[in-house]
Trainee: 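Sharing a structure, written as structure tokens. Questions coming.
A quick note: this is a predicted structure, and the numbers were derived from the prediction, not measured. Quick note on labels: first sequence line is chain A, next is B, and so on, each numbered from 1.
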Amino acid sequence: MSEQPVLEVAGLEVSFPGKKKMFGKAAPIRAVKGVSLSIQPGETLGLVGESGSGKSTVARALMRLIEPAAGRVTLKGEDLTALKGSALRKARRNIQMVFQDPYSSLDPSALVADTVGEALEVHEGLKGKERDARVAELLELVGLAGHHLERYPYEFSGGQRQRIAIARALALNPAVVVCDEAVSALDVSTQNQIIGLLEGLREKLNVAYLFISHDLAVVRHISDRVAVMYFGHLVEVGTVEQIFERPAHPYTRALLSAVPIADPVRQRGRKTAILSGEIPDIVNPPKGCPFASRCEFATDACTEKMPEFRDHDGSSVACYHPLENSPTSEAFALSQ
Amino acid sequence: MNVDNGAVLLQTSEPTQQPVKPLVSVKDLSVEFVTDHGWQRVINNVSLEIAPGKILGVVGESGSGKSVTSLAMMRLLPKQGSRIAGGSIEIDGEDIQSLDDKALSQMRGNRMAMIFQEPMTSLNPAYTIGEQIAETVRRHKRVSSKEAWKRAVESLDDVGIPNAAGRARRYPHEFSGGMRQRAMIAMAISCKPRVLIADEPTTALDVTIQAQILQLLRSMCEDLGLAMMFITHNMGVVADTCDDVAVMYAGEIVERAGIYEIFAQPKHPYTEGLLRAVPKLQGRSELASIPGTTPAPWDMPPGCRFQPRCPYAVPECAESPLPLRQIADRSSRCLRVGELDLKASK
Amino acid sequence: MIETSERTPDPTADVWVEATRRAIQERESGYRRNTKERTKPWARFKKRFLKQRAGMVAVVFLLLVVLTAVFAPWLAPLDPNKQNLGQILQYPSAEHLLGTDDLGRDVLSRLLYGAQVSLVAAVQATGIGVLLGLPFGLIAGYAGGRTDRAIMFVNDALMSMPGLLLAIAIVGMLGPGLTNAMVAIGIVFAPHILRIVRGSVMEVKEETYIEASRSLGTPTSRIIVDHVLRNVRSPFIVGVSLMTGRAMLNEASLSFLGMGAQYPDASWGAMLGRAFPYVDRAPFLIIYPGIAIALVVLAFNIAGDALRDSLGRETRKS
Amino acid sequence: MRSITKWWKLIVLKRLGSSLALLTMVSAITFCMILLVPGDPAVTAAGPEATNEQIEETRERLGLNDNMLVQFGRWFAGAVSGELGSSLQGGTPVSQLIGERFPVTLGLAVAALVIAVAVAVPAAIIAAANKGKLVDRLITLVASAGVAVPTFWLGLMLVVGFSLYARLLPSSGYAPFWEDPLEWARFIIMPALTLAAAPAAEIARQLRGSMIGVLEQDYIRTATAKGLLPRAVLLKHALKNAGVPAMTVIGLQAAFLLGGSVIVEQIFGIPGLGALSITAVLQRDIPVIQGAVLVTAISVLVVNLLVDLSYRIFNPKVR
């Protein structure tokens, strides 16, 4: 791992303006708190978390689609957070995004050729036949026939639209593609085909993915490393094997044990600790670890101060009481 | 059409036990919708039974007709543009189709209740949670409004909402997604129904919340002796929660069996495909899927409806429509059921 | 379809994985299964619009009115301004199909010419409204924040002044006359058009495809032209169609009060205003122009509604 | 729990603030109308036979030589204290003129609004509940026609029908409410009907639309699924949620009524604010026009405030 990371995020913070009070200023709501990540070239980093955990906000902030309150995003050695105007627009060609909803992410009144070719026009000045030839190549790459470029989005199914969105993201041969719940809106069958497509493209183009999803099985399948988010904090980062077989953070374990296994014998024989309680209120966040209120291991220290990240058994975890995972540990009930 | 006699009460645990009279008994139900292509059959000869205390899982891809079946059972299909074209629905001893509007409304929410997929939109934003539950109680039980409110709070308490008395005075938008679905369940059980239909009740929820809701539904079913129909597309959820499974494809039931049997050895290629398509949490294997899409009602292939997508199809599959055939205590709608050795995982 | 079964499956290979591999690379995968023939947006719009019988009737009727207005000089049996004081307030007859007014002028001829005046006036007013409202609506909707608040502040102030009264006041300042009246109505309409445009821009702005375009590095000006304007088009056209109908109504009101079309010009509202004092002697005089106005405005409204229905967004499920 | 009176007061306070700001803006716009006037108000005010000195003197007296901002400040300060200047014709204080005329218009507008709501709301509910059926299509058709028919034409037709032919009602005139309510009603009924037609049609169209939208919502299905009868679903669950857009339209229509009364007053000879404005416009009586516009704008803002308050009843999500 001596290679230079292609994308590095350090101490990313995002706040939204809070609800205005009658008197006085609105307290900002902190949606993302001190998130640091790095991705190697050609690597897939999975980012998992439940709704409201801030994972999509991280994506939008590192894309500079919303302005981060603090932190640095370095893309291929270039500080994205310092760029403005046309310099920022130029830098965007190296990081692209695939969105969740294949219906609203494609302009309904634009031809496929215009949607996929927009980046080519903006960044490379390609026009007319030249552009269309490139677009046709890109469509072939994602498994669509090249002659589809004269069509409108409404003529395609959800899975095909997502392929178009992927073609758009790949148009400029970016180093990083952020997939924000890119397969969540699709049927399982279509979902698996799109995942297969993304995997094939990674091998072909050596592109790195930041793969954001709430679906652990999907993340397990596609990722090299996994980062787990909870309530705006990163709580654990490790290789896919570490996270899924030896989770160190109690939340990661709870999350894994909540996913039902499609096998009644194993699912019903599983020892699962169902999390009680709910995620804290974002307007009045707790002082310490946000998971403390639902955590069986929580002590006074947990409610006092958010724990720092530390290395634990190969992964990196923000917890005062990381789980010990000897192979005999019954902590993780996946394998009965 | 098909001879469909596969409706046998499924009792997987103790086959020696005397059959209990089912609370839900649907026979040869067919539903038609009006489309650009005229009246089209979207549900074809669906039969199912559910005994008290049992949960029947109904699975299939989107467009397979799961939800339409459930809405037909509650008679909630739109009055214009849809019709029940055949078959019978019996719930808690009542022939649902023969009921007039008034008798039907006395059944709904009282002896049969339903919960929906979207807890965000299924509660009226203009009334408090307590008002909405108490309204159900007032409609069906002869109680004072004070008593109804008390029962509403009790229901909320039963589904595990902390500080139920206070929360009852809150509006839906002040609840989180999981809490709203609990409130929906509280509303559904507030009149102690005999039958509960849950249409994808956890699809919109996070996994940790889903686990809570599934546990709650299971215990409700046991405690109240409910017959529950559980619609989902998630095979993991089925494995976790249901006693029996009916697999639907293109408006028909293609396979029906007990939970352990169907996961151990599917008897229909479509079931196998569904099971194979589930991404695994452990290990890493190449992903599988069922290519193609569910056919539209006006575009049904000849013979077996799954045959164009089926990797095991032989020319005979396209010849004539297949009946749901009984094999021991389960049934399947596959021509090659005898010769294929299907497996849930490789 | 069934050819796959010809080859005996390799017992060791997983048929589902194999099928998936093929599905990932399929190039000729059909379009949405349920759409047999492909339709361009215009064809789709036509197909949907042609289905709306009321809308079709309205559009045909409006076309007829426009033709009438254009060809009024040829269609009108008599000079609309030719007075004949010997034949005033005559009931309909063979000579004057719709009768004569208080100056003995032919009502039918005036009605035909009136179509011209009324339509031109309505288009003028709407045009001025669009000219003022569209750019500010775009700016307010897209920029948001402080710019939006500032524009909307002035807009709300204008909208809190009752339309007709404001128009009358403006005419009072500018002096009576059809063009002045239309300027006044245009000013009164501008805030409404601004609101429509701003509302739909704000809606479009929230769509993910705008965000996607931003993330590609597309300059804002290009996003506005390529994506925002293109998708705001439909609600805008609908809004303008409805506004034109309302402009006609307002023109009629102002002309009725004597603040719009001036003697001897024939606008439908002016005809009504002129006929008012003679309502007891010649009630028929107020019937025809009134019906003409009501029908044209109704046609604009129905056409607008039909447009709205046929320009509607593609729904998710087929 | 939260006290009910508290949010009420808060909203009023908040809205009052923004209303005052809007009112300042309205005043500024009204004042700027002077700039639009092509002629010289001093010439008008001094009368047709005035000499140059007299005009100059008038100009000095009216403060027209001062800086525009100073003039606006003076006018605005006056307006705040209810002093709107004097009519250029006859010199009566504008506030006195408006004080006499405004209640007449208000009575007419309120009567029309009551009629409009009373007709439109049930019609919309019936139409929405029977979407696509004959009743619905009839109501929709009448409503479409109601929006299209010119107000004054409808008034004329009523006069022809009820006064000229049937001779049931007086064709024009007015009696103050406080002196003889019955007589007032006799005079006001036709104008009020005339004025109510367009708003009734508009309210019915909008409410029908939003009711149909609401009836497609999931929570309506929930209400049916829990065994409520169609009537309860319609009147309790659907109507309350359709209330917010309906109130918005009713608010807008209230504003329209105040403006639309101009023409109705003219037809039926009612001595209201509208009639006053028209005379003022024809005579270029700027202070009177300004006053009339300002007072109507204030009324509209008050209506908006009431509409805003009503949102809270229909939609608990609002603040």
Side-chain angles (χ1 to χ4, degrees), chain B residues 70-71 73-81 101-128 131-141 166 169-174 180 183-184 187-191 193 196-197 199 204, chain D residues 1-4 6-7 125-137 207 210-248 309-319:
Chain B
S70 66
L71 292 174
M73 287 162 67
M74 291 289 288
R75 287 240 327 249
L76 281 173
L77 291 171
K79 281 209 173 112
Q80 285 166 317
D101 281 0
K102 194 166 168 234
L104 184 67
S105 71
Q106 281 164 352
M107 281 287 285
R108 288 178 184 150
N110 188 17
R111 287 157 71 190
M112 56 181 192
M114 188 161 180
I115 50 180
F116 300 97
Q117 173 174 354
E118 288 291 340
M120 306 289 167
T121 54
S122 295
L123 288 163
N124 194 329
Y127 294 97
T128 63
E131 279 169 353
Q132 294 185 56
I133 301 175
E135 185 186 23
T136 318
V137 179
R138 287 271 285 162
R139 169 77 183 92
H140 297 298
K141 311 285 176 201
R169 286 176 211 288
R170 297 282 168 150
Y171 288 95
H173 72 270
E174 299 174 283
R180 269 181 247 190
M184 276 299 288
M187 192 191 302
I189 60 155
S190 61
C191 292
L196 181 64
I197 298 174
D199 186 0
Chain D
M1 295 270 121
R2 292 157 299 176
S3 71
I4 295 174
K6 201 175 144 202
W7 63 258
I125 294 171
I126 292 169
N130 298 289
K131 188 192 161 199
K133 292 194 191 147
L134 188 66
V135 207
D136 175 32
R137 270 186 271 165
L207 183 59
S210 45
M211 280 288 279
I212 285 174
V214 168
L215 285 172
E216 281 166 5
Q217 297 295 311
D218 287 350
Y219 53 79
I220 295 300
R221 191 179 52 183
T222 308
T224 312
K226 68 187 190 183
L228 298 189
L229 289 166
R231 231 172 56 120
V233 173
L234 200 65
L235 295 181
K236 197 172 165 196
H237 286 262
L239 191 57
K240 194 167 173 189
N241 283 285
V244 169
M247 279 315 293
T248 312
L309 283 175
S310 78
Y311 286 169
R312 171 71 203 209
I313 298 167
F314 291 109
N315 183 3
K317 249 188 253 183
V318 179
R319 269 162 267 258

Trainee: Quick one: which of B:Leu71, B:Asn124, B:Thr128, B:Leu104 has the most heavy-atom pairs under 4.5 Å with chain D, could you say?
Mentor: B:Asn124
Trainee: Just so I understand: if I count every heavy-atom pair under 4.5 Å between each of B:Met114, B:Gln80, B:His140 and chain D, which residue has the most?
Mentor: B:His140
Trainee: At a heavy-atom separation under 4.5 Å, does B:Leu123 approach chain D through its side chain, its backbone, both, or neither?
Mentor: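 When you check distances to chain D, only backbone atoms of B:Leu123 fall under 4.5 Å.
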Trainee: Taking NZ in D:Lys240 as the centre, count heavy atoms belonging to other residues, nucleotides or ligands within less than 6.0 Å. Is the count above 12?
Mentor: yes
Trainee: Output all residues satisfying side-chain hydrogen bond (donor to acceptor under 3.5 Å, both in side chains) with B:Lys141, sequence neighbours left out; order by chain, then residue number.
Mentor: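 Result, side-chain hydrogen bond (donor to acceptor under 3.5 Å, both in side chains) vs B:Lys141: B:Asn110.
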Trainee: Treating D:Lys226 as the side-chain partner and B:Thr136 as the backbone partner, does any N or O pair qualify as donor plus acceptor under 3.5 Å?
Mentor: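 Checked: no pair found.
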Trainee: Which distance, rounded to the nearest 0.5 Å, do you find between the CD of B:Glu135 and the CG of D:Leu228?
Mentor: 4.5 Å
Trainee: What parts of residues 213-220 of chain D touch chain B if we use heavy atoms and a cut-off under 4.5 Å?
Mentor: D:Asp218, D:Tyr219
Trainee: Quick one: what part of D:Lys236 sits under 4.5 Å from any heavy atom of chain B, side chain, backbone, both or neither?
Mentor: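 Both parts, backbone and side chain.
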Trainee: Considering only heavy atoms, which portion of B:Met187 lies under 4.5 Å from any heavy atom of chain D: side chain, backbone, both, or neither?
Mentor: side chain
Trainee: Identify, with sequence neighbours excluded, every residue that meets side-chain contact (heavy atoms from CB on, under 4.5 Å) alongside B:Lys79.
Mentor: B:Asp101
Trainee: Which distance, rounded to the nearest 0.5 Å, do you find between the CZ of B:Arg108 and the CG of D:Leu229?
Mentor: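 If we round to the nearest 0.5 Å, B:Arg108:CZ and D:Leu229:CG are 9.5 Å apart.
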Trainee: To the nearest 0.5 Å, tell me how far B:Glu118 CD sits from D:Arg221 CZ.
Mentor: 9.5 Å
Trainee: Name the member of D:Gly132, D:Pro230, D:Ala223, D:Ala225 that forms the most heavy-atom pairs with chain B at distances under 4.5 Å.
Mentor: D:Ala225
Trainee: Are D:Thr222 and B:Gln132 close enough that some pair of their side-chain heavy atoms sits under 4.5 Å apart?
Mentor: no
Trainee: With sequence neighbours left out, write down each residue that passes side-chain hydrogen bond (donor to acceptor under 3.5 Å, both in side chains) with D:Asn130, or none if nothing qualifies.
Mentor: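 Result, side-chain hydrogen bond (donor to acceptor under 3.5 Å, both in side chains) vs D:Asn130: none returned.
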Trainee: Heavy-atom cut-off 4.5 Å, strictly under: side chain, backbone, both or neither for B:Met184 against chain D?
Mentor: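 It is the side chain, since no backbone atom gets that close.
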